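Letters go in sequence order (proteins before strands), and every chain restarts at 1. The structure displayed is predicted, hence computed values, not measured ones.
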Protein chains: 2
Amino acid sequence: MPSVTRKSSSSRQARREAIVKQMLGVVEELLSEGESFTELSVERLIGSAGISRSTFYVYFEDKGTLLLALAEDVVQQLVGSAQAWWELPPTATKADVEAALRGTADVFREHAAIWSSLVDASSYDQKVRASFRAVVDNAAAGLAKHIKDGQKSGSVVAGLDPKRTAEWLTWMTERGLYQLLAEATDAETTKSVRAQADIVWNTLYAGAPSRAAAA
Amino acid sequence: MPSVTRKSSSSRQARREAIVKQMLGVVEELLSEGESFTELSVERLIGSAGISRSTFYVYFEDKGTLLLALAEDVVQQLVGSAQAWWELPPTATKADVEAALRGTADVFREHAAIWSSLVDASSYDQKVRASFRAVVDNAAAGLAKHIKDGQKSGSVVAGLDPKRTAEWLTWMTERGLYQLLAEATDAETTKSVRAQADIVWNTLYAGAPSRAAAA
DNA sequence: GGGATGCTTGGACAACATGTACGATCGGCG
DNA sequence: CGCCGATCGTACATGTTGTCCAAGCATCCC
């Protein structure tokens, strides 16, 4: 009876999405009260969401699975915003770099709670850790490519090790967003992002062949 | 009866140190088997250490307190090694910077397990988080001072925001050590530290007034 | 309307971890 | 020998996790 199966699964799917959406609100709410994701028990979550323990475990293997579902969207947005940086053309100015980084910072600040939760849970949940690493590794790879391409076109300093430079800068960004911008005001964000842009600019672009004259 | 009190407390102190030392071995041992500090239960710890549950709680409030005791030494060493960087003279070369960073990396690699545990526990233990932040903030302050002084003497690029640039670079270092060097080989460490040195060099020193000629 | 199907639910459960309490025991020291 | 501090085993109250099951409920089809 395929129709039954189809219906069932599509309903499950829809219901799951609804629950994920609801849980997103609940989790962000609870996190905004100052607790960390680690400290949130399934008990509390279902209590606030108004669903039963049993139902929770129908849709999520555990807290980690829930978090990954919640984070999907956020991660997509962050990765997307990060591309704005490493897809900058060779002629980009420092202001362009800063604007791109600002974009990522703004996306991050909107969803800082969820990202922080990913970081939290990475320390004890295998699945989350793997997923988190994959995201960052992917970002680093994108940046590494940007560096390599830039070196070819002369817009990036020669001699830098693309992969490893990208790794450091990527982790700097990850950690900086988390630690420096999660609770920053707009004004503070502006200053902080400017500093980040200075680092990136000086590291990658300032001494590049195609810019040798301007200093 | 002051003598009694004195004796008791000094004995407690000595015994505590012995236990801390023993626990350090146990924790590093268990962590080297691939588990995270978060996953280590007090149960396991006392089991491997051969002391009783009761005794454990005589000396440590909880797992977090234990960790802070274990980390004291490591943190001191790391902070000390970091000073080698920001106490570099204005005439330092890129090789000097790389050597200083290498020093920190080596210290870190020796005690990666404990540092990782601090990061882990920071996500759910208030005391650990506070202590951890204090260490990093302190490091950032030291680096900020180095930048400010360097700007005065002309050995560091003008126009950088000392505080915020230091924050980004400090978190970059923290996260990079943790993520890139914790399990790296010697060869990989060399390459990675070189990339880190390039970033630091280009950011802070390459375009500095006192170096304007050399490029 | 009647009945099958699948989803949600509450509650019970085993397993395990935490931090506390207490009485028994061991060992050194006067 | 006897005191005293430290350790120990054990028990306990509490809280969390993930599983399981039987009962209730809504929906859709016949």
Could you tell me whether the phosphate oxygens of dT8(C), OP1 or OP2, come under 4.0 Å of any side-chain nitrogen or oxygen in Y59(A)? yes

Distance check: side-chain N/O of S52(B) vs OP1/OP2 of dG9(D), anything under 4.0 Å? no

I'd like a list of close polar pairs between nucleotides 19-26 of chain D and the protein, N/O only, cut-off under 3.5 Å.
none

Of S41(A) and I51(B), the one whose nearest nucleotide on DNA chain D sits closer to the 5' end is I51(B)

Per nearest nucleotide of DNA chain D, the residue lying toward the 5' end, G50(B) or D62(A), is G50(B)

Between F37(B) and K63(B), is there a cation-pi geometry (under 6.0 Å to ring centre, at most 45° from the normal)? yes

Report the C-alpha distance between S123(A) and R129(A) in whole Å, list the side-chain angles of each, state the deciding distance to 0.1 Å, and finish with yes or no for side-chain hydrogen bond (donor to acceptor under 3.5 Å, both in side chains). CA-CA 7 Å; S123(A) 70; R129(A) 170 161 39 229; over 6 Å; no

Measure the distance from [atom1] on [X] to [atom2] on [N] and round it to the nearest whole Å.
X       : N       : atom1 : atom2 : result
F56(B)  : dG19(C) : CZ    : P     : 8 Å
I46(B)  : dT20(C) : CD1   : P     : 14 Å
E43(A)  : dT17(D) : CD    : C1'   : 9 Å
Y124(B) : dT16(D) : OH    : C1'   : 15 Å
R16(B)  : dG5(D)  : CZ    : C1'   : 18 Å
K63(B)  : dA17(C) : NZ    : P     : 10 Å

Which label fits Y205(B) and H146(B): parallel for a plane angle under 30°, tilted from 30 to 60°, or perpendicular past 60°? perpendicular

Report yes or no: do T55(A) and S52(A) form a side-chain donor-acceptor pair below 3.5 Å? yes

Got a second to check how far F60(B)'s CZ is from L70(B)'s CG, nearest 0.5 Å? 7.0 Å

Quick one: are E17(A) and K21(A) in side-chain contact, heavy atoms under 4.5 Å? no

